[in-house]
Number of protein chains: 2
Amino acid sequence: MPAPPDAFITGEFRRALDDRFRLTLPQEFASLVADDASQTILAKECSGCLSLWKAADWRVRMDDGMSLIREKIRTGRMEQRWTEVQRLGRLLSTRSTEVKLANRARLLIPEGFREFLGVEKGGDVMVIGAVVCVEIWHPEAWLNQLREDMPGFGELFKELSG
Amino acid sequence: MPAPPDAFITGEFRRALDDRFRLTLPQEFASLVADDASQTILAKECSGCLSLWKAADWRVRMDDGMSLIREKIRTGRMEQRWTEVQRLGRLLSTRSTEVKLANRARLLIPEGFREFLGVEKGGDVMVIGAVVCVEIWHPEAWLNQLREDMPGFGELFKELSG
DNA sequence: TGAACTATTGGGCGTGATTCCCACGAAGTG
DNA sequence: CACTTCGTGGGAATCACGCCCAATAGTTCA
């Protein structure tokens, strides 16, 4: 990530979804992933997990394919790349969307992301600070993830901090 | 791409065809693929998928392809391929039509395109922004496409379709 | 301990989006 | 000509979402 002046995003919370699929983020998270206009990027990570990003950070993360497309389009040279652009564009569309937080911290999970998260209306989710973004987990998926990742924590921490 | 710095077309929506094979586009898409006279190009992409283009963009896309072929023909590098060229010519004819968006951003899917899309009247379709065009997918075909393009999301589909 | 705040949650309501459904007219058929 | 099919237009019920406020719960500060 681009050395953000922002603090690391950390913490773990249990939250419940509305019957309208609204989720109020812990206020401290909201300010870290939203811009002044309360806009953020909501993305699909893996089954049972969504993530929230500052638009700028998300763009950086996506840059693999997208910036290339942007360039091609800008310069109008796209010869044989049309279908490729279409394909990536398609994926960009399913993968993420921009959303606005109401009341500074309330997120409406859009259709399409609900099924992906796999939580019923009114159900619980885990909201996790993942340093560079906020993750929203289906409780069970979260447990599985933990079981899988925890043993490697010490190793990973050493690797990333050393 | 034409100079007009049109915004990326993105977004994913589920929509229903009405009993007469009409599809109301998400209004944000309508203006991005239609000109002032509400005309757009409807094209066949692959079985289960149609696409909508601004006429200008479609022309550019075709020309990019055509000029390549023209070049090959001109330089005589088409020897054995004539039957294929012929086949291509044939396909070009059915590949696209110009359609007019009626009243409420409503698109009548013409005969010939219906079977290609493979959705019954009243059935659901997915409407996807593919950056340079809008795509209309048969739900099943869309899932298959995702499975193919996003193997990482593998588990999801097991759950969603199971 | 109590008052003042803040964070979180639940729900009302208005507006616009999406559907469902029907009417009208042109075209096709026997 | 009676009857059916299809393209078109539009009315209207329904639904979803944005906006806002009220109630509750939890914390901080005198």
Rounded distance (Å) that lies between atom [atom2] of [N] and atom [atom1] of [X]:
X      : N      : atom1 : atom2 : answer
B/Q27  : C/dT19 : CD    : P     : 12 Å
A/F29  : C/dT8  : CZ    : P     : 11 Å
B/F21  : C/dT19 : CZ    : P     : 16 Å
B/L107 : D/dT8  : CG    : P     : 10 Å
B/L101 : D/dT8  : CG    : P     : 12 Å

Go along nucleotides 15-22 of chain D 5' to 3' and tag each nucleotide: B for a protein heavy atom under 4.0 Å from its base, S when only backbone or sugar atoms are that close, - otherwise. --SBBBB-
Under 3.5 Å, sequence neighbours excluded: what are the donor-acceptor pairs made by side chains of residues 106-133 of chain B?
{"unit_1": "B/R114", "atom_1": "NE", "unit_2": "B/I109", "atom_2": "O", "d": "2.7"}
{"unit_1": "B/R114", "atom_1": "NH2", "unit_2": "B/I109", "atom_2": "O", "d": "3.3"}
{"unit_1": "B/E115", "atom_1": "OE1", "unit_2": "B/G112", "atom_2": "N", "d": "2.8"}
{"unit_1": "B/D124", "atom_1": "OD1", "unit_2": "B/R14", "atom_2": "NH1", "d": "3.1"}
{"unit_1": "B/D124", "atom_1": "OD2", "unit_2": "B/R14", "atom_2": "NH1", "d": "3.2"}

Please enumerate all residues that pass salt bridge (charged side-chain N to carboxylate O under 4.0 Å, His left out) together with [X], with sequence neighbours excluded.
X     : result
B/E45 : B/R61
A/D35 : none
B/D63 : none

Considering just the side-chain nitrogens and oxygens of A/T24, establish if one lies under 4.0 Å of OP1 or OP2 belonging to C/dT9. yes
Can you list, by chain and residue number, the hydrophobic cluster partners of A/L160 when the side-chain cut-off is 4.5 Å? A/L156
With sequence neighbours excluded, residues passing side-chain hydrogen bond (donor to acceptor under 3.5 Å, both in side chains) with A/N103: none
Residues at least two apart in sequence or cross-chain that pass side-chain hydrogen bond (donor to acceptor under 3.5 Å, both in side chains) with B/Q39, listed by chain then number, are B/E98
Within the structure provided, determine whether A/T94 and B/W142 are in side-chain contact (heavy-atom separation under 4.5 Å). yes
Looking only at side-chain N and O atoms, does B/D149 offer a donor or acceptor that is under 3.5 Å from a partner on B/Q145? yes
Residues 48-68 of chain B vs ring-ring contact (aromatic ring centres under 6.0 Å, His included), sequence neighbours excluded, gives A/W82-B/W53, B/W53-B/W58
Pairing residues for B/F21 by the ring-ring contact (aromatic ring centres under 6.0 Å, His included) criterion, not counting sequence neighbours: none
Which of residues 12-19 of chain B sit near DNA chain D, with a heavy atom under 4.0 Å from it? none
So for the helix from C/dT1-D/dA30 to C/dG30-D/dC1, with five pairs setting each end axis, what is the inter-axis angle to 10°? 10°
With a 4.0 Å cut-off on heavy atoms, is A/L25 in touch with a base, just the backbone sugar-phosphate, or nothing at all? sugar-phosphate
Per the atom types in the model, does the base of D/dG10 pair as donor or acceptor with the side chain of B/R104 at under 3.5 Å? yes
